[in-house]
Amino acid sequence: MSDGSVSAPESDSREVKLHASWRKLLQDDFDSPYMAVLRNFLREQKALGKTIYPPGNEIFAALNTTAFDSVKVVILGQDPYHGPNQAHGLCFSVRPGVRIPPSLQNIYKELAADVGFIPPQHGCLKEWAEQGVLLLNAVLTVEAGLAASHQGKGWERFTDSIVNHLNLNASGIVFILWGSYAQKKGAMIDRQKHLVLQSPHPSPLSASRGFFGNHHFSRSNEYLLANNKSAIDWQLSNHYS
C-alpha cells in the first residue's frame, strides 16, 4: 500500500487515500479487529439507507490536511455536524456557504477579543489545518440528523491512537481541550512535553462559564514561538465565502 491507500470504513470496497505520515503510524489500527467491526457497522448503516456525514472521501480530512510532522496545535472536537452539507472532516468547521454554527460563532468572538481576529463570512477552518492545526473529532462519522449516533462504535479508539502517537512521538504541541469530553480524551497527554490548554466548551450553554477570556489562541502562539516554531495566523480570509 505504498500509494497511501487504506481500506475505507464504508459500505463498499473503495480505497480512501490517507497521508503517508499517518498511514505508517495507524496501519496496525486499520488492520485490527475493532476497525473491521467499525467497517461492518458503517456498511450496515448504508445498507439500511441511512445518510452518513461526512462523505467517505472526507472522513480523514483532518489527517490528510495536516500531516503528522506538521502538527503544531490539536483542537479536539466530539462528533461531526449532523446537518446537511455541514461536516467536511474538520472539527468545528463547516463548508463554505453554510451558516456558521453557534459554537464557532463563539470561537470567533474569543478570537476577536484575544488576537484582534476579524470574523469572515464563512465557517471553513481549512486555513488553520494547512498551517498545522489538527482539527480532530473524537468520532469521525455521524448519521444525518442524529447527534452522537456513531459514538461507541470504534472511532474513539482510533482517535485515541492518533492522540497517543502525537503525545509519544512529537514534542512541543499545543493541545486545546474545550469541555469535559475533550479533557477526558486528553488525559493521556504528557504535560512535560506538551502544552495543554483547557476551558469550558464554546457552546452557548457553557461559553460564558470560562471559554470567553481563555486566551487560548494567543497562549498557543506564545508557546510555539518559545519552542522555536512559527506561530499560527488565526485570521481567516474571505476567499472561501
Side-chain angles (χ1 to χ4, degrees), residues 1-43 52 54-80 87-91 93 125-141 150 153-177 182 185-196 220 224 227-230 232:
M1 302 206 304
S2 59
D3 64 348
S5 296
V6 294
S7 183
E10 291 193 274
S11 61
D12 54 39
S13 60
R14 288 182 301 166
E15 295 289 298
V16 170
K17 296 290 185 180
L18 182 64
H19 192 280
S21 65
W22 289 109
R23 177 177 53 84
K24 181 178 179 180
L25 291 169
L26 298 169
Q27 192 60 56
D28 286 347
D29 289 273
F30 282 108
D31 294 338
S32 70
Y34 87 84
M35 185 60 76
V37 171
L38 175 58
R39 286 192 193 97
N40 287 335
F41 165 74
L42 293 171
R43 288 189 190 104
I52 294 174
N57 64 343
E58 293 181 323
I59 290 174
F60 301 122
L63 303 179
N64 283 327
T65 310
T66 312
F68 177 82
D69 292 335
S70 300
V71 177
K72 300 178 186 175
V73 178
V74 179
I75 298 179
L76 284 178
Q78 189 165 350
D79 293 285
H88 65 125
L90 306 178
C91 75
S93 180
L125 306 180
K126 188 176 180 182
E127 287 175 276
W128 293 358
E130 291 170 343
Q131 295 181 72
V133 182
L134 182 65
L135 297 168
L136 182 68
N137 276 315
V139 176
L140 300 189
T141 57
H150 289 186
K153 305 300 182 182
W155 281 129
E156 293 92 342
R157 182 170 171 181
F158 179 74
T159 52
D160 276 348
S161 183
I162 293 169
V163 173
N164 190 48
H165 282 300
L166 289 165
N167 179 48
L168 294 176
N169 301 315
S171 62
I173 291 176
V174 181
F175 288 87
I176 295 179
L177 311 177
K185 192 170 187 69
M188 70 177 76
I189 300 164
D190 184 349
R191 269 69 169 174
Q192 301 301 312
K193 292 177 62 180
H194 308 284
L195 176 64
V196 177
S220 294
L224 292 173
N227 283 272
N228 300 310
K229 298 183 181 183
S230 57
I232 303 297

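If you read the sequence from its start, that first residue is 1, and numbering goes on from there.
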Student: Ring-plane angle category for F158 and F60, please: parallel below 30°, perpendicular beyond 60°, tilted otherwise.
Tutor: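 Answer is tilted, since the angle falls between 30° and 60°.
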Student: Does any part of the side chain of L18, heavy atoms only, come nearer than 4.5 Å to the side chain of N64, both counted from C-beta?
Tutor: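 The answer is yes, as the side chains (C-beta and beyond) meet within the 4.5 Å cut-off.
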Student: Does some side-chain heavy atom of K153 sit less than 4.5 Å from a side-chain heavy atom of V139?
Tutor: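 No, too far: nothing below the 4.5 Å cut-off.
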Student: Using 0.5 Å steps for rounding, measure from the CG atom of N167 to the CG atom of D160.
Tutor: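 That separation rounds to 11.5 Å.
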Student: Is any side-chain heavy atom of I162 closer than 4.5 Å to a side-chain heavy atom of W22?
Tutor: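 They are in contact (side-chain heavy atoms under 4.5 Å apart), so the answer is yes.
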Student: Which residues pass the side-chain contact (heavy atoms from CB on, under 4.5 Å) test with L195, not counting sequence neighbours?
Tutor: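 Listed in chain order: V174, L197, Y223.
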Student: Within a strict 4.5 Å, meaning less than it, do heavy atoms of the L63 and F68 side chains meet?
Tutor: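 Heavy-atom side-chain distance check fails, nothing below 4.5 Å.
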Student: Do H194 side-chain atoms and I189 backbone N/O form a donor-acceptor pair below 3.5 Å?
Tutor: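 Not a single qualifying donor-acceptor pair exists.
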Student: Between K72 and S230, is any side-chain donor less than 3.5 angstrom from a side-chain acceptor?
Tutor: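 Yes, because at least one side-chain N or O of K72 sits under 3.5 Å from a partner of the opposite role on S230.
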Student: With a 4.5 Å heavy-atom cut-off, do R23 and F30 have their side chains touching?
Tutor: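 Sidechains of F30 and R23: no contact.
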Student: With rounding to the nearest 0.5 angstrom, report the OG1 to NZ distance, T66 to K126.
Tutor: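 Here the rounded value is 10.0 Å.
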Student: Return the CD to CG distance between E156 and L140, rounded to the nearest 0.5 Å.
Tutor: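 Answer for the CD-CG pair, E156 versus L140, is 9.5 Å.
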Student: For K193, does the NZ atom have more than 12 heavy-atom neighbours from other residues, nucleotides or ligands under 6.0 Å away?
Tutor: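 More than 12 heavy atoms, drawn from other residues, nucleotides or ligands, come within 6.0 Å of this atom.
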